[in-house]
Amino acid sequence: MLKKLIRRKQQTISTNLYDRKKLAQQEQLPNHIAIIMDGNGRWAKKRALPRIAGHHEGMMTVKKITRFANEVGIKALTLYAFSTENWKRPKLEVEFLMRLPEEFLGTYLPELIEQNVQVKMMGNLDSLPAHTKKAVVNAMEKTAANDGLILNFALNYGSRDEIVQAVQQIACEVKNGTRSADTISEELLNDYLMTKGLPEPDLLIRTSGEVRLSNFMLWQLAYTELWFTDTLWPDFDEACLMEAIESYQKRNRRYGGLKGEEVK
Ligand code: FPP
């Protein structure tokens, strides 16, 4: 009896989600969603587990959310998996985090390929451990021709570092005479950032109740809609993503200007 009731409740939840997904797809969907996946440590602590258990559960959420974002029809999903500041964490935690891309791609790559997902990465690839780099490069190569959802991992990524690198490259070109300073524009800088070719995020999600950007896509988020939730990343699920998308669809994006009625 109890089992029947639970099954019925689960069916209702998934039917609701299905309906909400259909409804959301009739409106303007965010093309690009970026997520600061926060709260793995607190999730583990609440269960008296080591922090790495939280990261592992967080990886399972990555699977769930990638699958769902693809089903909804999102074009690009950028996930902040490891920042340039995260190297300061205890050695064992860093080592564990550096094993996650391997584990994730080791088990999930065939499904990503089948789902037409293209894996990308932004961040400093060369200073990753060899095994992490190998797993990521292999996934990027195997999915390069796919044209479905872009799954972009921010790995060893820092936004200020990204901007400095872009400015250095442009400055070199000016110095050696291949470019004049007056050709420097927003579009040009975009082309030197690690997000070259990607649309700017329409929606940024940060989990776990923290309300800051933590050196994430500072340039690219200039006009992005922000959505914060207290839910810890390992507890984040399809319904949470739907809530964020629905909230985005109610926003009035003006990009500093006015819209329709407001102009009169
Ligand atoms: C922040 O939570 C989370 C991270 C630094 C790591 C995020 C990584 C994952 C979610 C898994 C990535 C998966 C793949 C496939 C690369 P925190 O540890 O700072 O949490 P806390 O604030 O509660 O301590």
Side-chain angles (χ1 to χ4, degrees), residues 33-70 76-113 115 117-125 127-129 131-140 142-143 149-159 194 204-217 228-238 240-241:
I33 300 181
I35 309 185
I36 303 178
M37 309 180 289
D38 198 5
N40 295 345
R42 274 162 285 167
W43 183 92
K45 195 173 174 201
K46 268 168 73 179
R47 290 160 180 78
L49 293 169
R51 292 178 55 80
I52 56 171
H55 294 314
H56 196 267
E57 199 58 29
M59 180 194 73
M60 304 310 285
T61 304
V62 170
K63 280 192 185 180
K64 198 162 53 185
I65 293 305
T66 303
R67 203 175 276 151
F68 190 69
N70 198 18
L77 180 66
T78 293
L79 302 175
Y80 205 5
F82 193 90
S83 75
T84 44
E85 288 74 34
N86 286 152
W87 296 108
K88 292 183 225 151
R89 294 190 175 208
K91 191 167 171 272
L92 280 179
E93 184 171 340
V94 169
E95 277 172 11
F96 188 84
L97 284 168
M98 285 297 145
R99 289 276 168 204
L100 285 183
E102 230 174 319
E103 182 178 342
F104 174 82
L105 295 164
T107 57
Y108 193 40
L109 187 58
E111 188 180 327
L112 292 175
I113 293 172
Q115 290 173 350
V117 172
Q118 188 186 11
V119 177
K120 277 181 173 270
M121 188 216 130
M122 62 178 192
N124 191 342
L125 185 69
S127 44
L128 291 177
H131 60 87
T132 316
K133 186 174 165 181
K134 192 171 160 206
V136 173
V137 169
N138 175 51
M140 290 196 292
K142 294 237 165 75
T143 61
L149 172 79
I150 295 171
L151 175 59
N152 182 34
F153 285 108
L155 204 54
N156 194 14
Y157 171 84
S159 181
M194 292 165 178
L204 170 88
I205 297 172
R206 182 169 188 152
T207 59
S208 91
E210 307 295 347
V211 190
R212 55 177 173 267
L213 294 180
S214 302
N215 200 16
F216 186 55
M217 302 183 93
F228 299 97
T229 173
D230 288 339
T231 304
L232 305 174
W233 177 249
D235 291 327
F236 193 86
D237 61 9
E238 293 90 340
C240 298
L241 185 61

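In what follows, every heavy atom counts, from backbone to side chain, and hydrogens, waters and symmetry copies are set aside. Counting starts at 1 for both ligands and their atoms, in listed order.
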Gly39 near ligand 1 by a heavy-atom separation under 4.0 Å
yes

For Lys134, does the NZ atom have more than 12 heavy-atom neighbours from other residues, nucleotides or ligands under 6.0 Å away?
no

among protein heavy atoms, the one nearest atom 22 (O) of ligand 1 is Arg42 NH2, 2.9 Å

Which atoms of ligand 1 have any heavy atom of Trp233 under 4.0 Å away?
10 (C)

How far is atom 6 (C) of ligand 1 from its nearest protein heavy atom, and which residue and atom is that?
Ala81 O, 3.5 Å

Nearest non-hydrogen protein atom, atom 3 (C) of ligand 1:
Met37 O, 3.2 Å

For Phe153 and ligand 1, does the shortest N/O to N/O distance drop below 3.5 Å?
no

Which ligand 1 atoms does Leu100 reach within 4.0 Å, using its non-hydrogen atoms?
11 (C)

Under the salt bridge (charged side-chain N to carboxylate O under 4.0 Å, His left out) test, residues paired with Lys88 that sit two or more places apart:
none

Report the part of Arg89 (side chain from C-beta onward, or backbone N, CA, C, O) that has a heavy atom under 4.0 Å from ligand 1; answer both or neither where that applies.
side chain

Can you list the ligand 1 atoms lying under 4.0 Å from a non-hydrogen atom of Phe104?
15 (C)

Arg206 bridged to Asp38 by N-O distance under 4.0 Å
yes

Atom 24 (O) of ligand 1 has as its nearest protein heavy atom Arg51 NH1, 3.0 Å

Can you find an N/O atom of Asn86 closer than 3.5 Å to an N/O atom of ligand 1?
no

Pair Asn215-Glu85, side-chain donor/acceptor within less than 3.5 Å
yes

Can you tell whether the side chains of Glu103 and Arg99 come within less than 4.0 Å, N to carboxylate O?
no

